[in-house]
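Report on one structure; see the data block that follows.
Nothing here was measured: the structure is a model prediction, and the numbers come from that model. Order of the sequence lines sets the chain letters (A, B, ...), proteins ahead of strands, with each chain counted from 1.
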There are 2 protein chains.
Amino acid sequence: MAVQLRPAQALRLWEAVLLEMVRTAEPDLSARQMTILLTLYLETHAHTVRGLAERLGVTKPVITRALDSMGRMGLVTRKRDPADRRNVLIQRTVEGALFVERLGDRVAKKAAELPH
Amino acid sequence: MAVQLRPAQALRLWEAVLLEMVRTAEPDLSARQMTILLTLYLETHAHTVRGLAERLGVTKPVITRALDSMGRMGLVTRKRDPADRRNVLIQRTVEGALFVERLGDRVAKKAAELPH
DNA sequence: TTTAATCGGTTCGGCTCCGAAACAAACAGG
DNA sequence: CCTGTTTGTTTCGGAGCCGAACCGATTAAA
């Protein structure tokens, strides 16, 4: 069964989750950083800087800087591709996986609490 | 009937909507700005700068600047409170309402397209 | 009336981010 | 080799945001 979510409910859900994010402001991720993080943890194949830049429709430095800051937060790691040493493969971390998992739980919880 | 959304589905939904936002990047709103906008359009009572600052847990200049930029985008307007002229009441605009409405439709559409 | 409190806005130095361009390293083909 | 391409990073000037502190206007209290 597909997920039934009316536009008004969607907005309430979006606001509730955003408000909790802004208020707690743990690792404060921008929309771009959050998109990169979710892409990394939901699309399981290997990811490169170039691939992420194309997917998001941004330039390469944006990805490099986002990976820098998320790396400082411990959410991702980088490794040279041994097969083609020009490439950098972005790798997941335990901390990053936990962060994404908490986000999923948070959204699901807010959805369950929505008025009918 | 409450909204049923598993954590894995929630993450897919979040990623899909964020990706579309980043790629189109129309009015590019930060998490704080988006939260303010949704608060204004979902909580129908009158809003002041101070009230919004408390709700989001941020300082007043943050709200002032967010309202400045959203005002330039045509998403909100400000008006002095005639009853207490120290207050500034934030007002909705047609353009802002349309923006919020599009967001709701977008999230609902992505939710309906989610795999089971 | 004078003093204090409240409200939104502005100033300030510091920090982050932006994209275009230049760059170094690594491959590919002749 | 040597030339050209690809990949990720760095540099650069410019723009925007940050919170603490301060400011001017307004209201409330003494």
Side-chain angles (χ1 to χ4, degrees), chain A residues 18-19 21-37 39-40 43 45-92, chain B residues 18-19 21-37 39-40 45-93:
Chain A
L18 277 182
L19 184 58
M21 280 184 183
V22 169
R23 290 194 62 92
T24 65
E26 332 166 15
D28 193 14
L29 298 186
S30 70
R32 288 174 169 183
Q33 291 174 334
M34 184 68 81
T35 309
I36 292 172
L37 195 66
T39 295
L40 290 177
E43 318 278 326
H45 65 81
H47 290 281
T48 64
V49 172
R50 170 159 296 266
L52 289 172
E54 283 176 5
R55 179 176 169 88
L56 299 212
V58 298
T59 58
K60 285 185 297 176
V62 170
I63 304 296
T64 295
R65 285 187 291 256
L67 293 179
D68 287 346
S69 49
M70 288 197 287
R72 282 191 293 270
M73 298 176 193
L75 300 177
V76 298
T77 315
R78 279 182 272 202
K79 199 189 83 178
R80 280 281 162 195
D81 182 355
D84 183 343
R85 295 185 44 74
R86 289 172 301 182
N87 288 333
V88 163
L89 304 180
I90 295 95
Q91 303 189 297
R92 305 181 248 284
Chain B
L18 276 182
L19 184 58
M21 280 183 181
V22 169
R23 289 194 63 91
T24 66
E26 330 167 16
D28 193 14
L29 299 185
S30 70
R32 288 173 171 186
Q33 291 173 334
M34 185 69 81
T35 308
I36 293 172
L37 194 65
T39 295
L40 290 178
H45 63 84
H47 290 281
T48 64
V49 172
R50 173 160 296 268
L52 289 172
E54 282 175 6
R55 179 176 169 89
L56 299 212
V58 297
T59 58
K60 285 184 300 173
V62 170
I63 304 296
T64 296
R65 285 187 292 257
L67 293 178
D68 286 345
S69 50
M70 288 196 288
R72 281 193 293 270
M73 298 177 192
L75 299 177
V76 298
T77 315
R78 278 181 272 201
K79 198 188 84 178
R80 280 281 163 195
D81 182 355
D84 183 342
R85 294 184 47 72
R86 288 173 301 183
N87 288 332
V88 164
L89 304 180
I90 294 96
Q91 302 189 297
R92 305 180 248 285
T93 65

When rounded to the nearest 0.5 angstrom, what is the spacing between CZ in R50(A) and CG in N87(A)?
10.0 Å
First and last nucleotide of DNA chain C in contact with chain A, 5' to 3', at under 4.0 Å to a heavy atom: what are they?
dC18(C) to dC27(C)
Give me the bend of the helix from dT1(C)-dA30(D) to dG30(C)-dC1(D), using the axes of the five pairs at each end, rounded to 10°.
10°
Nucleic acid footprint by protein, nucleotides 14-30 of chain D - heavy-atom cut-off 4.0 Å, B for base, S for sugar-phosphate alone
----BBBB----BS---
Partners of T39(B) by side chain to side chain donor-acceptor pair (under 3.5 Å), sequence neighbours excluded?
E15(A), R55(B)
Quick one: side chain to side chain donor-acceptor pair (under 3.5 Å) partners of R78(B), sequence neighbours excluded?
D68(B)
Donor-acceptor contact below 3.5 Å, side chain R92(A) vs main chain V76(A)
no
Under the ring-ring contact (aromatic ring centres under 6.0 Å, His included) rule, what pairs show up with a residue in residues 46-72 of chain B, not counting sequence neighbours?
H45(B)-H47(B)
Measure the CG-CZ distance between L67(A) and R65(A) for me, rounded to the nearest 0.5 Å.
11.5 Å
Once rounded to the nearest 0.5 Å, what's the spacing between atom CG of L18(B) and atom CD of Q33(A)?
12.0 Å
What closest approach, in Å, do I36(A) and A66(A) show between heavy atoms, and which atom pair accounts for it?
CD1-CB, 3.6 Å
Point-to-point distance, once rounded to the nearest 0.5 Å, from CE of M70(B) to CG of L40(B):
6.5 Å
Out of curiosity, E54(A) CD to K60(A) NZ, how far, rounded to the nearest 0.5 Å?
10.5 Å
